[in-house]
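See structure below.
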Amino acid sequence: MTQPSDDYRESGLEFPEDFVFGSATASYQIEGGVTEGGRGPSIWDTFSHTPGRVYGGHTGDVACDHYHRWESDLDLIAELGLDAYRFSIAWPRIQADGTGPANQQGLDFYSRLVDGLLARGIRPVATLYHWDLPQALEDRGGWTDRDTAYRFAEYAHLAGEALGDRIHTWTTLNEPWCSAFLGYGNGHHAPGIRNRKASLVAAHHLNLAHGLGVSALREAVRSDALMSVTLNPQVARGDHDTSPEAIRRVDAVGNRIFTGPMLRGEYPKDLLEDTAAVTDWAFVRPGDLELIHQPIDVLGINYYSTSTVRMAERDLPISQEGTLIPGSEQVVEFLPQDGPFTDMGWNIAPDAFEQLLLDYQRDFPGLPLMITENGAAYPDRLEDGRVHDKARIDYLRRHLTAVHRAVQRGADVQGYFVWSLMDNFEWAFGYSKRFGITYVDYETQERTLKDSARFYQELVRTHRIPA
Ligand code: FCB
């Protein structure tokens with residue numbers, strides 16, 4: 001028997017027959033049509049139109065024009081042979097200003113999309129919140145306002161009533177860590193607020209939205225629909241003396257701040273201690289933890305890379321990249337990483353992915369895992385109708401190997417969604433980063449399958465990592 005390689009570059013490994021392969025997208029990143037069909041503005045419209053916030057002044061106004069091209073995009077998914085498609089519903093298409101009755105045109109758009117998926121034999125996996133909060137709710141405080149969680153539950157109920165007979169898996173939130181800490185902590189994402197306390201308040205209200213959202217969905221959707229949330233676990237490592245303490249802190253504020261209340265019904269004690277100088281957490285009201293702690297059927301995991309940490313010698317300014325540990329005398333320092341790197345500058349570490357899956361399986365036994373995002377940006381070039389994205393294939397191969405190894409070692413991972421179906425608006429990086437397995441020419445909106453799409457197509461067809 002051959003030994004598994006350290007660099008995780010395997011081929012031929014076979015995935016279980018019922019293992020689900022899909023691809024993922026998000027509304028604001030692909031749809032465009034931002035003023036059509038009764039859609040109201042979201043915080044990302046405001047943010048991207050604010051000079052200096054997004055690379056090159058790029059916006060999602062047109063994006064991949066998926067709002068108009070959804071049918072041919074579904075054909076693309078069918079051509080790839082995917083089992084499932086993970087998309088997100090734009091809240092401001094369902095409720096333009098985040099409250100009140102549903103906008104029928106918005107519901108109709110997603111209803112047609114879902115029917116189109118089902119007609120092609122593709123499983124619909126819907127995320128309710130992939131960061132496009134109605135601007136009107138932000139004007140009232142956004143995620144720092146407790147009421148936003150209740151508005152989210154109302155929206156979840158409306159979406160559930162309209163689509164709940166057909167959606168296979170519901171995901172309440174995508175990466176609440178980003179919403180809370182990039183949105184309200186360091187301001188790299190919409191709404192661009194920099195405030196330590198606000199980021200913790202936002203995290204709590206996102207937790208509350210998740211719990212209330214699951215309850216609202218359960219009332220509205222078919223009883224066999226699966227409930228989930230997608231997290232992006234912060235994988236910190238380091239071999240400095242103070243790394244273990246730094247890793248603990250990152251884990252507390254990056255991971256257990258969500259898994260604690262959502263999956264255990266409590267905020268970890270060490271998190272409350274670490275953040276005591278910022279807040280006394282009085283915004284957590286009696287009964288909140290019960291509301292948040294709803295049973296879910298599957299946990300979505302997004303994974304891209306890791307960080308290397310140790311304790312900083314003095315408090316670092318919050319604007320500094322990665323300094324997201326609010327309010328202790330000492331905070332965590334994020335050190336330069338070992339390569340190789342993707343075009344995002346993110347390090348490639350499939351071994352950490354394998355370990356993460358095993359850790360989550362150990363910590364939350366009985367809760368199946370779904371890889372809801374994994375993928376890589378590279379500076380692709382379209383030449384003679386082809387994109388030879390070797391590096392992306394290599395990235396996918398290594399991470400699929402990691403998933404396979406985790407499954408072999410007992411992790412209940414039920415499927416894998418590649419990020420992304422196609423190149424799209426990469427948040428603060430605009431269109432400068434390409435994550436797709438499909439190339440998008442933003443001038444013509446023409447889609448071209450990259451070599452990685454062919455690789456993925458073969459994987460899905462054979463359930464083996466292609467050579
Ligand atoms: C994740 C987001 C997704 C995409 C990838 C690259 O954090 O959920 O929308 O931007 O990163």
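Computation of the quantities below employed the complete heavy-atom set of this structure, encompassing side-chain atoms and omitting hydrogens, waters and symmetry-equivalent molecules. Computed from a predicted model, the values in this text were never measured in an experiment. Order of appearance sets the numbers: ligands from 1, and atoms from 1 within every ligand.
Heavy-atom proximity to Phe435, at under 4.0 Å, picks out these atoms of ligand 1: 6 (C). Of all atoms in ligand 1, numbered sequentially from 1 with element shown, those under 4.0 Å from a heavy atom of Asn174 are 8 (O). The atoms of ligand 1 that sit less than 4.0 Å from any heavy atom of Trp427 are 3 (C), 4 (C), 9 (O), 10 (O).
Here the heavy atom of the protein found nearest to atom 2 (C) of ligand 1 is Glu373 OE1, 3.3 Å. Closest to atom 10 (O) of ligand 1, if we only count protein heavy atoms, is Glu426 OE1, 2.7 Å. Nearest protein heavy-atom contact of atom 7 (O) of ligand 1 is Glu175 OE1, 2.5 Å.
Between His58 and the options Tyr431, Phe429, Phe47, a ring pair (Phe, Tyr, Trp, His ring centres under 6.0 Å) holds for only Tyr431.
For ligand 1, the polar-atom distance check finds no N/O of Trp346 at less than 3.5 Å from any of the ligand's N/O atoms. Note: no N/O pair closer than 3.5 Å links Trp419 and ligand 1 by distance alone.
Residue contact annotation: His130 has a non-hydrogen atom under 4.0 Å from ligand 1.
Here Arg112 does not pair with Glu71 in a salt bridge; the nearest charged N to carboxylate O distance is not below 4.0 Å. In this structure, Asp423 does not pair ionically with Lys433, as no charged nitrogen and carboxylate oxygen lie closer than 4.0 Å. Between Glu10 and Arg398 there is no salt bridge, since no side-chain nitrogen of the basic residue lies less than 4.0 Å from a carboxylate oxygen of the acidic one. Residues Arg392 and Asp451 are not paired through a salt bridge, judged by the lack of any N-O separation under 4.0 Å between the basic side chain and the carboxylate. Salt bridge Arg69/Asp65: present, at least one basic N to carboxylate O contact under 4.0 Å.
Side-chain polar atoms of Tyr303 and Asn232 form no donor-acceptor pair below 3.5 angstrom. Using modelled atom types, one finds no donor on one side chain facing an acceptor on the other under 3.5 Å when comparing Ser88 with Tyr28.
By the criterion of a heavy-atom distance under 4.0 Å, neither the backbone nor the side chain of Asn232 is placed next to ligand 1.
Of the candidates Trp177, Tyr304, Phe425, Phe429, the one placing a heavy atom closest to atom 5 (C) of ligand 1 is Tyr304.
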